[in-house]
Amino acid sequence: MNIDQAILHEFGGENIRYIRKETIFKEGDHSLYYFQILSGKVKLNTFNENGKEFIQNILGKNQSFGDPLLFIDRLYPTNAVSLETTEVIRMPKNNFLLMLEKHPDISLEMNACLSQRLYYNSLMVRNMASQDPIHRLQGLMDYLKSYYDGDCQQCFPVELTRQQIADLTGLRVETVIRTVKKMVNNNTIKLDGRRIFY
DNA sequence: CCATTAACTGGTC
DNA sequence: GACCAGTTAATGG
């Protein structure tokens, strides 16, 4: 979701800066805001009982988070942590609903956004259920690529570290590293230095 | 530069 | 594949 900044400000959106590794909200907090990223990156994560991190998603410029919780009264299911210096516009939930009333076009777009997220989420879950690490990586990259505009082969840059890919897929870094090499041999992906193109 | 972070390798279970 | 240990390469102040 990407809403015009002027409108966000008009309805009480405020700019907030976070430094690297700062917690924006924690799992279990009451959901009170809509967040839209102006610059930087944010990860949504949880930790399992062994303390192992699982990243649900990594969002960048012009992407939003916290929005699936705007229409229901639930607690955040994940933490949100900035990966680098990040600037967001934060808008209180009630103002957001008010804004939707005044801007039906945004409301419609919101529906489309949530639908698309659900759609790709189901694809993700399907691929993540696979035992084959190649399918897991490919599923993740298909998901990431869905946000991307270009349509050429192997031109989508995966802006993630091997560790982040591991935390997103539930694999170990070493497995990711070895699987990436297999996929290069398969011609599924291409490397430019360490950067992956899919 | 040096220090930190990321990528890689090899071996055990 | 996970998990552990150790090495090398890249990054950034």
Side-chain angles (χ1 to χ4, degrees), chain A residues 15-29 35-66 76-90 120-150 152-198:
Chain A
N15 289 40
I16 301 181
R17 279 181 90 79
Y18 297 96
I19 60 170
R20 189 173 135 83
K21 291 183 179 175
E22 198 169 345
T23 298
I24 299 169
F25 58 71
K26 285 205 299 253
E27 178 179 355
D29 283 354
F35 295 89
Q36 187 166 306
I37 301 173
L38 298 176
S39 66
K41 284 182 179 176
V42 173
K43 71 175 172 184
L44 303 179
N45 69 355
T46 56
F47 293 90
N48 73 6
E49 57 280 3
N50 299 321
K52 229 167 302 170
E53 179 178 16
F54 184 75
I55 299 179
Q56 306 255 332
N57 207 348
I58 294 182
L59 290 322
K61 184 176 162 61
N62 292 337
Q63 293 183 305
S64 60
F65 58 98
Y76 285 118
T78 64
N79 309 295
V81 182
S82 57
L83 293 173
E84 51 194 73
T85 301
T86 297
E87 190 170 13
V88 305
I89 298 184
R90 189 181 76 171
Y120 280 106
N121 245 37
S122 68
L123 295 186
M124 270 284 273
V125 169
R126 189 165 166 56
N127 284 305
M128 290 308 124
S130 167
Q131 285 311 111
D132 182 0
I134 290 181
H135 287 153
R136 289 218 209 182
L137 289 209
Q138 209 165 339
L140 171 66
M141 289 190 286
D142 280 333
Y143 174 73
L144 296 172
K145 200 172 182 174
S146 71
Y147 287 111
Y148 188 64
D149 285 335
C152 54
Q153 292 294 308
Q154 300 191 343
C155 70
F156 167 66
V158 180
E159 307 279 6
L160 297 172
T161 65
R162 306 287 190 269
Q163 183 63 59
Q164 287 171 336
I165 293 174
D167 292 337
L168 278 157
T169 53
L171 297 167
R172 283 260 142 193
V173 215
E174 300 91 328
T175 306
V176 170
I177 290 166
R178 288 160 181 148
T179 305
V180 162
K181 291 185 173 179
K182 279 184 197 167
M183 292 173 79
V184 170
N185 291 332
N186 284 350
N187 261 323
T188 314
I189 58 176
K190 207 177 56 184
L191 283 186
D192 175 27
R194 291 176 160 183
R195 179 174 283 109
I196 297 168
F197 285 87
Y198 177 60

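The chains referred to below are lettered A, B, ... by the order of the sequence lines, with proteins before strands, and numbering in each begins at 1. Here the structure is a predicted model, which means the values were calculated and not measured.
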| note | For I16(A) and R90(A), the nearest pair of non-hydrogen atoms, with its separation, is CD1-NE, 3.4 Å
| said: Between V158(A) and I189(A), is the side-chain contact (heavy atoms from CB on, under 4.5 Å) condition met? List the steps. | reply: CA-CA 10 Å; V158(A) 180; I189(A) 58 176; over 6 Å; no
| request: Establish, with yes or no, whether the OP1 or OP2 oxygen of dC3(C) is under 4.0 angstrom from a side-chain nitrogen or oxygen of K52(A). | output: yes
| task | Would you mind classifying the nucleic acid contact of N50(A) as base, sugar-phosphate or nothing, using non-hydrogen atoms under 4.0 angstrom? | result | nothing
| request: Whole angstrom is fine here: how far is it from CD in E84(A) over to P in dG13(C)? | output: 12 Å
| query | For DNA chain C, which residues in residues 161-177 of chain A have a heavy atom at a distance below 4.0 Å? | reply | G170(A), L171(A), R172(A), E174(A), T175(A)
| query | Between which nucleotides of DNA chain B, read 5' to 3', does contact with chain A run, using atoms under 4.0 Å from its heavy atoms? | reply | dA7(B) to dG11(B)
| request: Quickly work out the F54(A) CZ to dA2(C) C1' distance and round it to whole Å. | output: 16 Å
| said: Expected output is a numbered-order residue list: members of residues 181-198 of chain A with a heavy atom under 4.0 Å from any atom of DNA chain B. What is it? | reply: K181(A), R194(A)
| Closest heavy-atom pair and its distance - R136(A), N127(A) | CG-O, 3.8 Å
Less than 3.5 Å apart, which donor and acceptor atoms pair up between the side chains of residues 139-146 of chain A and the rest of the protein, not counting sequence neighbours?
residue: D142(A); atom: OD1; partner: Y198(A); partner atom: OH; Å: 2.7
residue: Y143(A); atom: OH; partner: N57(A); partner atom: ND2; Å: 2.8
residue: Y143(A); atom: OH; partner: Y147(A); partner atom: OH; Å: 3.3
residue: K145(A); atom: NZ; partner: Y198(A); partner atom: O; Å: 3.1
residue: S146(A); atom: OG; partner: Y143(A); partner atom: O; Å: 2.5

| Over all atoms of both residues, closest heavy-atom pair of C155(A) and Y148(A) | O-OH, 3.6 Å
Considering only distance and modelled atom types, tabulate donor-acceptor pairs under 3.5 Å from the side chains of residues 169-179 of chain A, sequence neighbours left out.
residue: T169(A); atom: OG1; partner: I165(A); partner atom: O; Å: 2.8
residue: T169(A); atom: OG1; partner: A166(A); partner atom: O; Å: 3.4
residue: T179(A); atom: OG1; partner: T175(A); partner atom: O; Å: 2.6

| From CA spacing to verdict: side-chain contact (heavy atoms from CB on, under 4.5 Å), L168(A), L160(A) | CA-CA 10 Å; L168(A) 278 157; L160(A) 297 172; 3.6 Å; yes
Tell me which donor-acceptor pairs under 3.5 Å the side chains of residues 36-43 of chain A have, and how far apart each pair is, sequence neighbours excluded?
residue: Q36(A); atom: OE1; partner: I3(A); partner atom: N; Å: 2.9
residue: Q36(A); atom: OE1; partner: Y34(A); partner atom: OH; Å: 2.6
residue: Q36(A); atom: NE2; partner: N2(A); partner atom: OD1; Å: 2.9
residue: Q36(A); atom: NE2; partner: I3(A); partner atom: O; Å: 2.8
residue: K41(A); atom: NZ; partner: E159(A); partner atom: O; Å: 3.2
residue: K43(A); atom: NZ; partner: E53(A); partner atom: OE2; Å: 2.8

| query | Taking all atoms of both residues into account, what is the closest heavy-atom pair of T23(A) and Y18(A), and its distance? | reply | O-CE2, 4.5 Å
| query | Checking Q154(A) side chain against N187(A) main chain: does a donor-acceptor pair fall under 3.5 Å? | reply | yes
| task | Of all the heavy-atom pairs spanning G66(A) and Y76(A), show the shortest one and how long it is. | result | CA-CE2, 4.3 Å
| task | Take the protein atom CD of E53(A) and the nucleotide atom P of dC3(C), then report the distance between them rounded to whole Å. | result | 15 Å
